[in-house]
Visitor: 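Handing you a structure now.
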Amino acid sequence: MEIKRSEQILKDKINAFFIKQWGSPEMVISSGVFDCTTLEGFAVLNKDREIIGYISYVITESECEVISLDSMEEGKGIGSALIQEVEHMAKERSCQKIKLITTNDNLHALKFYQKRGYCLSALLKGAVDRARERKPEIPQLGNDGIPIRDEILLSKWLI
């Protein structure tokens with residue numbers, strides 16, 4: 001599995017990936033509005049040099065926040081490799097904690113992160129409804145027809 005830092009990949013390629021996955025590179029969550037093409041990150045490339053997995057993050061003081069994690073091929077360890085890469089980088093940069101947000105409908109993500117030591121930290125009621133005011137293309141219904149309304153904050157201490 002080939003993992004590259006975001007600065008090793010053309011910004012246009014990262015932008016196209018986010019447009020395909022999310023409709024735009026803009027991520028609107030309760031911690032802020034982020035252009036994922038400008039954030040630090042890592043990508044997994046396939047043999048054709050296409051992005052098949054991507055993680056973006058920001059570091060503020062002693063915390064790392066994962067803004068996005070996408071894997072195009074489930075069950076192959078892509079997401080695991082990317083989150084491990086960020087955890088390793090965060091430790092090297094003296095971060096004490098990694099945090100991230102997912103939505104109430106994303107049961108797959110909740111299982112994924114908890115299996116890797118992340119704990120539920122907060123429920124942000126109505127956060128997605130507020131994000132929709134800025135980014136109306138956020139769907140009303142998510143996985144398994146669950147209405148998307150809330151954000152769930154997960155965190156993992158590195159120390």
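It should be emphasised that the depicted structure is a prediction, and the values quoted were computed from it without experimental measurement. Keep in mind that the numbers below use all heavy atoms, side chains included, and drop hydrogens, waters and symmetry copies.
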Visitor: So, does K135 use its side chain to make a donor-acceptor pair with the main chain of E26 at under 3.5 Å?
Guide: yes
Visitor: For L107, is there any backbone N or O sitting under 3.5 Å from a side-chain donor or acceptor partner on D144?
Guide: no
Visitor: Check step by step if salt bridge (charged side-chain N to carboxylate O under 4.0 Å, His left out) holds for E2 and R49.
Guide: CA-CA 9 Å; E2 182 181 10; R49 316 268 313 140; 2.9 Å; yes
Visitor: Please determine whether side-chain hydrogen bond (donor to acceptor under 3.5 Å, both in side chains) holds for the pair E92 and H88, giving the CA-CA distance in whole Å, both sets of side-chain angles, and the decisive distance to 0.1 Å.
Guide: CA-CA 6 Å; E92 284 182 344; H88 178 73; 2.9 Å; yes
Visitor: Counting only N and O atoms by type, is there a donor-acceptor contact under 3.5 Å from the side chain of R132 to the main-chain atoms of I138?
Guide: yes
Visitor: Locate the shortest heavy-atom distance separating I19 from P25; write the atom from each residue and the value.
Guide: CG1-CD, 4.2 Å
Visitor: What do you reckon, is NZ of K13 surrounded by more than 12 foreign heavy atoms closer than 6.0 Å?
Guide: yes
Visitor: For the backbone of E151 and the side chain of N104, can you confirm whether one donor and one acceptor N or O come within less than 3.5 Å of each other?
Guide: no
Visitor: Taking side-chain contact (heavy atoms from CB on, under 4.5 Å) as the test, write out the residues that go with P139, two or more places apart.
Guide: I148
Visitor: With a 3.5 Å distance limit and no angle check, can you tell me whether E63 reaches the backbone of T60 through a side-chain donor-acceptor pair?
Guide: no
Visitor: Please name all residues satisfying side-chain contact (heavy atoms from CB on, under 4.5 Å) with T102, sequence neighbours left out, ordered by chain then number.
Guide: N106, A109, L110, I152, L154
Visitor: With side-chain contact (heavy atoms from CB on, under 4.5 Å) as the test, would you mind laying out the steps for V66 and I55 before giving the verdict?
Guide: CA-CA 7 Å; V66 173; I55 191 167; 3.9 Å; yes
Visitor: Under 3.5 Å, is there a donor on one side chain and an acceptor on the other for S6 and E40?
Guide: no
Visitor: Does the pair E133/R130 count as a salt bridge with the N-to-O cut at 4.0 Å?
Guide: no
Visitor: Report, as yes or no, whether the 6.0 Å neighbourhood of atom CD on E61 holds more than 12 heavy atoms from other residues, nucleotides or ligands.
Guide: no
Visitor: Quick check, are the ring centers of Y54 and F18 under 6.0 angstrom apart?
Guide: yes
Visitor: Does any N or O in the side chain of D48 come within less than 3.5 Å of the main-chain N or O of E50, such that one atom is a donor and the other an acceptor?
Guide: no
Visitor: Can you list the residues that meet the ring pair (Phe, Tyr, Trp, His ring centres under 6.0 Å) rule with F17, with sequence neighbours excluded?
Guide: none
